[in-house]
Amino acid sequence: MANISGFNPELLVSYKFPEKTFTYSERDAVIYALGVGACGRDAADDDELRYVYHENGLQFIQVLPTFSALFSFEVRPTGELDLPGLQYDPSLMLHGQQYIELYKPFPSSASIRNESCIAGLHDKGKAAIIEIETKSYNSESGELLCMNRMTTYFRGAGGFSNSYQPFSYSNNPTNKASAVKIPKSRPFAVYEDCTQPSQALLYSLSGDHNPLHLDPKIAKVAGFSRPILHGLCTLGFAVRAIIKCICRGDPNMVKSILGRFLLHVYPGETLITEMWLQGLRVIYQVKVKERNRSVLSGYVDLHRLASSL
Ligand SMILES: CCCCCCC[C@@H](O)CC(=O)SCCNC(=O)CCNC(=O)[C@H](O)C(C)(C)COP(=O)(O)OP(=O)(O)OC[C@H]1O[C@@H](n2cnc3c(N)ncnc32)[C@H](O)[C@@H]1OP(=O)(O)O
């Protein structure tokens, strides 16, 4: 069932991903941390030096939990998804959502073995949504380290269903994640951070060279006044803020993360992360200060609360 938007749903959902490996060094983890703004407010920040420097002679640098979203990056260097049954205009693809479960702290360098599958495919009429789920194992020990579910939103690519029933496939219906409800109460904590005008250029060094984030001409074709920030970069800023304000700097307290990208961010804008504590769940929302608009919302589940809270 091929169609005008170039989606072949049967081919897509039956696709068996080959196993892939991803290798990272400590340097990659540091470049990522700098790309999501670590130590951007204060180069001597005690909570964040651990991501970029062997603080106090420590042997290892610590790896941010959101770094794991890169393990499973099933895209070409240009940021395009390359799957059978999927033809689309790359300038119209946006990152919609990211869900991460963390099972073990990450080594500061490792070889990762990835097992991926299509977890969902949905025809929304005006858009198509694809979810890719990846389980990542430490190649050496065989331990399962994390699971990522990446949701991509293809503007204008819906309408591939050929019946009155919109096509909607999910191989794990219990994992349906949608936008979270933001409490009306005052946030428990608020953290303000500035992205740099060069933020997307810096973040792209971690592997996503999608021109939507780098090339003003491509950004214009996609309908933006200038290149926009990578969604995963904004998510990295938000989770760093939560680790700082709620986990007292300990990234290993994070158990799972959901982020839904609500609106694009322009590099150079100021991000305000608001956090509400509900038991072991931190509900959060990120707003762009200059436009007073919500750009990301979701939750972070914790293993435990910091004793000093
Ligand atoms: C392996 C994977 C590789 C991934 C590669 C990623 C490469 C990267 O380089 C790309 C990026 O980083 S892009 C930058 C980050 N993302 C963004 O800026 C997107 C921001 N969000 C938006 O613009 C809109 O929410 C928008 C446009 C997303 C949706 O807005 P609307 O069109 O107004 O949608 P709406 O009418 O509200 O809803 C329609 C249906 O879609 C569902 N939905 C909405 N937003 C969603 C989102 N963000 N994620 C998932 N689903 C979403 C709605 O629930 C609705 O479905 P239903 O009708 O069933 O409720």
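Starting from 1, each residue takes its place in the sequence as its number. Note that ligands are numbered from 1 as they come in the structure, with each ligand's atoms numbered from 1 the same way. Small disclaimer: the values here were computed from a predicted structure and weren't measured.
- Some N or O of His213 is nearer than 3.5 Å to an N or O of ligand 1, by distance alone.
- Each of the following atoms of ligand 1 lies closer than 4.0 Å to a heavy atom of His264: 18 (O), 20 (C).
- Legend: residues meeting salt bridge (Lys or Arg N to Asp or Glu O under 4.0 Å) with Arg27, ordered by chain and number and at least two apart, are absent.
- Annotation for ligand 1: atoms under 4.0 Å from non-hydrogen atoms of Asp208 are 7 (C), 8 (C), 9 (O).
- Per-residue contacts place Thr152 under 4.0 angstrom from the following atoms of ligand 1 (heavy atoms of the residue considered): 2 (C), 3 (C), 4 (C).
- Within the listing of ligand 1, atoms 14 (C) sit less than 4.0 angstrom from a heavy atom of Leu229.
- Separation of the Phe67 and Tyr51 ring centroids does not fall under the 6.0 Å cut-off.
- Residue Asn210 has at least one heavy-atom neighbour below 4.0 Å for each of these atoms of ligand 1: 7 (C), 8 (C), 9 (O), 10 (C).
- In this structure, the side chain of Asn171 engages the main chain of Ile118 through a donor-acceptor pair within 3.5 Å.
- Checking Asn114 against Thr134 by side-chain atom types alone, no donor-acceptor pair falls below 3.5 Å.
- Remark: ligand 1 and Met150 share no N or O pair separated by less than 3.5 Å (distance only, no angle test).
- Paired with Val36 under the rule side chain to side chain contact (heavy atoms under 4.5 Å, CB included), one option of Val239, Thr234, Leu64 passes, and it is Leu64.
- Residue Thr151 has no N or O atom closer than 3.5 Å to an N or O atom of ligand 1.
- Neither the backbone nor the side chain of Val265 has a heavy atom within less than 4.0 Å of ligand 1.
- The backbone and the side chain of Phe261 each have at least one atom closer than 4.0 Å to an atom of ligand 1 (non-hydrogen atoms only).
- Residue Arg155 has no nitrogen or oxygen atom sitting less than 3.5 Å from a nitrogen or oxygen atom of ligand 1, judged on distance alone.
- Under the 6.0 Å cut-off for aromatic ring centres, Phe71 and Tyr24 qualify, their centroids lying closer than that.
- The hydrophobic cluster containing Tyr153, built from Ile/Leu/Val/Met/Phe/Trp/Tyr side-chain heavy atoms closer than 4.5 Å, also comprises Ile129.
- Residue Thr234 places every heavy atom at 4.0 Å or more from ligand 1.
- Ligand-side atoms of ligand 1 in range of Lys124: 40 (C), 56 (O), 57 (P), 59 (O), range being under 4.0 angstrom from any heavy atom.
- Judged purely by distance below 3.5 Å, without hydrogens or angles, the side chains of Glu26 and Ser109 never pair a donor atom with an acceptor atom.
- A distance-only check finds no donor-acceptor pair linking the side chain of Glu131 to the backbone of Arg149 [under 3.5 Å].
- Between Tyr284 and Leu296 there is a side-chain heavy-atom pair separated by less than 4.5 Å.
- Salt bridge Arg113/Glu115: present, at least one basic N to carboxylate O contact under 4.0 Å.
- Between the side chains of Ser225 and Tyr266, at least one donor N or O sits under 3.5 Å from an acceptor N or O.
- For atom 24 (C) of ligand 1, the candidate residues are Asn148, Leu214, Val295, Leu262; the nearest heavy-atom contact is made by Leu262.
- Only side-chain heavy atoms of Arg260 come within less than 4.0 Å of ligand 1; its backbone N, CA, C and O stay farther off.
- In terms of N/O distances under 3.5 Å, ligand 1 is not approached by Ile132.
- Taking every heavy atom of Gly96 and a limit of under 4.0 angstrom, the matching atoms of ligand 1 come to 47 (C), 48 (N), 49 (N).
- Nearest to atom 33 (O) of ligand 1 by heavy atom, out of His230, Gln98, Lys126, is Lys126.
- For ligand 1, the polar-atom distance check finds an N/O of Gly231 within less than 3.5 Å of one of the ligand's N/O atoms.
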